[in-house]
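Take a look at the structure set out below.
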Amino acid sequence: MGSLPTPPLNPLSSQEIPIKNKISDIKTLSFNKIPSWISLNNSSSSVAKNNQKQKGQVENLHLVSLTKQGKLNEAFEFLKQMDIEGITVNTQSYECLFETCGNMKSLSKGKKIHKRLVKFVKNPSGFVWNSVLKMYCECGCFLDARKLFDEMPKRNSFSWYIIISSYAQNGLFREAFGLLSVMDPMENKLVYASLIQEISRLELGKQIHSVVIKNRLTPDAYIDTALANMYATCECLDGSVAVFDGMSEKNVVTWTGLMVGYTQAEQHKEALALFVRMMEENIQLDEYAYSTVLKVCSFLNDYDSGRQIHGCIVKYGIDSDVSVGTPLLDFYVKCGKLDDACFAFKRISHPNDVTWSSIISGYSQYGKFEECIESFKNLRCEADISNPFIYTSIFKVCSALADLNLGMQVHADAIKRCSISELYGESALVTMYSRSGRLGDARNVFDSVDEPDTVAWTAIICGCSYHGHASEALYLFGKMRSCGVRPNSVTFIGVLTACSHSGLVFEARQYLDSMRSEFGIDATIDHYNCMIDIYSRAGNLEDALELVTNMPFEPNVASWKSLLGGCWSHSNVEIGKIASRNLLQLDPDDTAGYILMFNLYAWKGKWEEAAQIRKKMNERNLKKDVSCSWLTIKGKVHRFTVGDRHHPQTEEIYSKLEQLNSSCLHHNRNTLAHLNYDGSYIPFI
DNA sequence: ATAGGGTTAG
């Protein structure tokens with residue numbers, strides 16, 4: 001049950017998420033998605049007998065399928081059976097096996113296949129040899145890789161490329177340069193480009209630049225572009241610009257590369273200026289250039305430039321191209337123009353997962369929850385597309401709606417599709433469960449996180465705090481620190497809220513002070529407001545007032561409201577007057593300012609003053625904001641507002657409420673006061 | 001050789 005000023009949106013709560021028919025999916029899937037339980041073992045020999053020409057083809061395909069799924073043990077078992085049946089393993093299968101062994105860094109299996117290759121395959125092609133070489137490189141086994149490379153019967157420029165770029169990727173620049181020096185540079189420009197691409201240290205970059213010059217590989221658009229990008233990677237934008245300016249032939253890739261360089265150096269204005277130059281020089285722009293410049297506009301929040309660029313895109317007729325349309329729609333999302341984003345989205349002829357995640361996250365970020373869920377439903381009906389980004393956004397929407405039913409469905413769906421993003425998705429799930437009243441499930445999700453980061457820890461700490469489990473929240477905060485994870489400003493909101501709920505005034509003050517001294521985090525006004533709330537709730541109204549007036553921020557509505565709330569709970573008219581006066585000065589339309597003060601005067605029997613307040617409120621024609629609460633039962637949302645008697649079971653509900661209320665009587669008057677304040681029994685106006 | 005998406009609070 002939650003309480004929000006806006007009515008809950010719950011478009012999916014009583015419906016199922018559309019899940020595409022699994023069987024029909026499988027028919028259209030490519031072979032590598034066929035699950036391994038569809039075994040061809042039993043039928044394989046008969047298939048082979050029926051079609052002698054295709055002997056072994058089905059088996060090899062199955063072998064490839066198992067391998068591509070990473071089921072290497074099953075693949076090896078199947079390989080044994082193929083041997084028993086006398087079926088030859090073809091070249092494609094070998095290549096695939098080496099590729100997967102490399103990807104999975106399974107050196108022992110890779111070596112076995114290598115031995116097999118040598119034993120069974122006469123005169124393998126250069127292509128196969130390169131796949132063996134790549135496997136050794138990817139497994140990080142450079143001794144074997146080098147041995148193979150030196151002895152390789154069919155060595156081509158791709159072999160040089162594989163080993164040299166692998167050396168470079170692993171930081172083995174000495175070895176990379178060693179091989180480079182014995183290679184024919186003119187025949188292997190690609191190798192140079194790949195090596196240049198891997199360099200992220202300026203000294204090394206300069207060295208290779210001089211090698212390039214010495215070997216007369218420049219001027220060359222390809223090489224020089226790589227060099228310019230390399231300087232950008234080494235955070236030496238001057239170097240990039242120098243190479244760029246020295247180039248006589250620049251192509252669109254060169255220009256775009258420098259634009260990206262400016263972006264990475266957070267010089268977005270310069271990037272945009274470069275784009276303008278590109279247009280002036282009549283460079284034929286491609287989708288990469290548009291994509292990059294649109295991201296620049298997003299960063300700059302430059303709606304006008306973006307719209308002009310949109311115009312060019314339409315003129316060139318590429319707004320339906322997914323690689324331009326997606327950054328375009330995301331640009332509109334970042335500018336908060338969701339209608340424009342939606343328009344751009346609809347123009348894209350083949351939206352991909354990035355497109356969908358961009359529009360869905362847009363709706364989620366701007367609180368368009370209904371549209372967000374609607375898009376998600378459309379996606380599930382229209383295409384077999386999903387990714388962890390999309391689910392993360394949906395989890396967030398479920399949190400906002402506190403819709404446990406939908407949240408659990410989507411969670412299950414995400415598990416089936418392996419689409420829960422580490423940390424991002426997991427943290428969103430923690431919040432989703434905790435805000436839906438399932439702290440235990442939130443904890444389960446948190447406990448399953450491999451290495452929780454600041455955000456994940458913060459999510460569970462805030463969850464505990466939200467549920468009033470202050471000591472657990474503070475315990476987790478300690479544990480977070482002992483795990484060496486640094487808290488941030490949001491973490492302290494959670495910690496301070498926890499203190500607030502259990503009246504830990506002294507501890508809260510210590511946490512607040514430790515922010516700067518121990519963690520180097522500057523407290524924001526939100527942190528001070530938490531502290532004011534803590535003092536106020538605990539009845540330390542003088543301390544609270546002192547903090548409001550002397551904190552390093554101008555008090556805002558929330559600061560005074562906390563103080564006024566405390567004055568009401570602790571019946572302090574004097575400070576209450578100060579608080580309400582300031583509150584109403586900042587926001588004369590804030591009803592809480594009037595109501596709390598009215599209640600305070602009324603409680604004290606100061607009817608005249610109370611009437612004054614009420615008069616002022618009437619003069620401004622203010623009505624108390626109507627809050628609503630809701631709960632979902634069997635997928636149906638039951639919504640309640642103050643004094644509401646529309647529900648078919650009104651009588652039962654009110655009698656239960658009466659019962660609950662009388663059992664609360666022994667509590668302090670705050671409990672009742674809050675009920676009154678909500679207007680459930682004595683409507684204020 | 002160049003491009004596009006997500007998380008924690010109130």
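Proteins come first, then strands; the chains are lettered A, B, ... in the order of their sequence lines, and each starts at number 1.
Side chain to side chain, A/Thr355 and A/Thr326 meet the donor-acceptor criterion of an N or O pair below 3.5 Å. Residues A/His411 and A/Tyr433 have side chains that bring a donor and an acceptor to within less than 3.5 angstrom of each other. Counting only N and O atoms by type, the side chains of A/Asp321 and A/Ser323 include a donor and acceptor under 3.5 Å apart. Side chain to side chain, A/Thr254 and A/Asn251 meet the donor-acceptor criterion of an N or O pair below 3.5 Å.
For A/Phe446 and A/Trp457, the distance between ring centers is under 6.0 angstrom. Taking the six-membered ring wherever Trp is involved, the centroid distance between the rings of A/Tyr192 and A/Tyr161 does not fall below 6.0 Å. A ring-centre distance under 6.0 Å is not found for A/Tyr424 and A/Phe389. Checked against a 6.0 Å centroid threshold, the rings of A/Tyr332 and A/His310 count as neighbours.
Between A/Lys295 and B/dA3 there is no side-chain polar atom (N or O) within less than 4.0 angstrom of OP1 or OP2.
Closest to the side chain of A/Asp286, from the set B/dG4, B/dA3, B/dT2, is B/dT2. Picking from B/dT8, B/dA3, B/dA1 the nucleotide with the shortest atom distance to the side chain of A/Thr225 gives B/dA1. Here the side chain of A/Cys462 is nearest to one of B/dG4, B/dT7, B/dA9, namely B/dA9. Nearest to the side chain of A/Ile493, among B/dT7, B/dT2, B/dA9, sits B/dA9. Of the candidates B/dA3, B/dG10, B/dT8, B/dG10 carries the atom nearest the A/Asp526 side chain, counting heavy atoms from C-beta on. Comparing B/dA9, B/dA1, B/dG4 by their closest approach to the side chain of A/Val490 singles out B/dA9. In the set B/dT8, B/dG4, B/dA1, B/dG4 carries the atom at the smallest distance from any side-chain atom of A/Ser323. Between B/dT8, B/dA3, B/dA1, one nucleotide has an atom nearer to the side chain of A/Asn251 than all others, and that is B/dA1. Set against B/dT7, B/dG4, B/dT2, the side chain of A/Ala428 has B/dT7 as its closest nucleotide. In this structure, the nucleotide among B/dT2, B/dA9, B/dT7 sitting nearest to the side chain of A/Thr256 is B/dT2.
Residue contacts shown for A/Val253 include a base, since a base heavy atom lies under 4.0 Å away. At a threshold of 4.0 angstrom between heavy atoms, the contacts of A/Val324 with the nucleic acid are absent. A/Asn529 comes within 4.0 angstrom of nothing in the nucleic acid, heavy atoms only. Nucleic acid contact for A/Glu426: none, since no nucleic acid atom lies under 4.0 Å from a heavy atom of the residue.
Rounded to a whole Å, the CD1 atom of A/Ile283 is 15 Å from the C1' atom of B/dA1. Between A/His268 atom NE2 and B/dA3 atom P there is a gap of 13 Å when expressed in whole angstrom units. Distance CD1 (A/Ile521) to P (B/dT8): 18 Å, rounded to an integer number of Å. One interatomic measurement links the two molecules: CZ of A/Phe446 to C1' of B/dT7, which rounds to 14 Å at whole-angstrom precision. A straight line from CG of A/Asn556 to P of B/dA9 spans 19 Å, rounded to a whole angstrom. One can place CD1 of A/Ile199 at 14 Å from P of B/dA1, the figure rounded to the nearest angstrom. For the pair A/Ile420 CD1 and B/dT7 P, the interatomic distance rounds to 16 Å; values are reported in whole Å. Remark: P of B/dT7 and CE of A/Met432 are 14 Å apart, rounded to the nearest angstrom.
Within residues 339-364 of chain A, the residues that have a heavy atom under 4.0 Å from DNA chain B are, in order of number, A/Asn352, A/Asp353, A/Val354, A/Ser357, A/Ser361.
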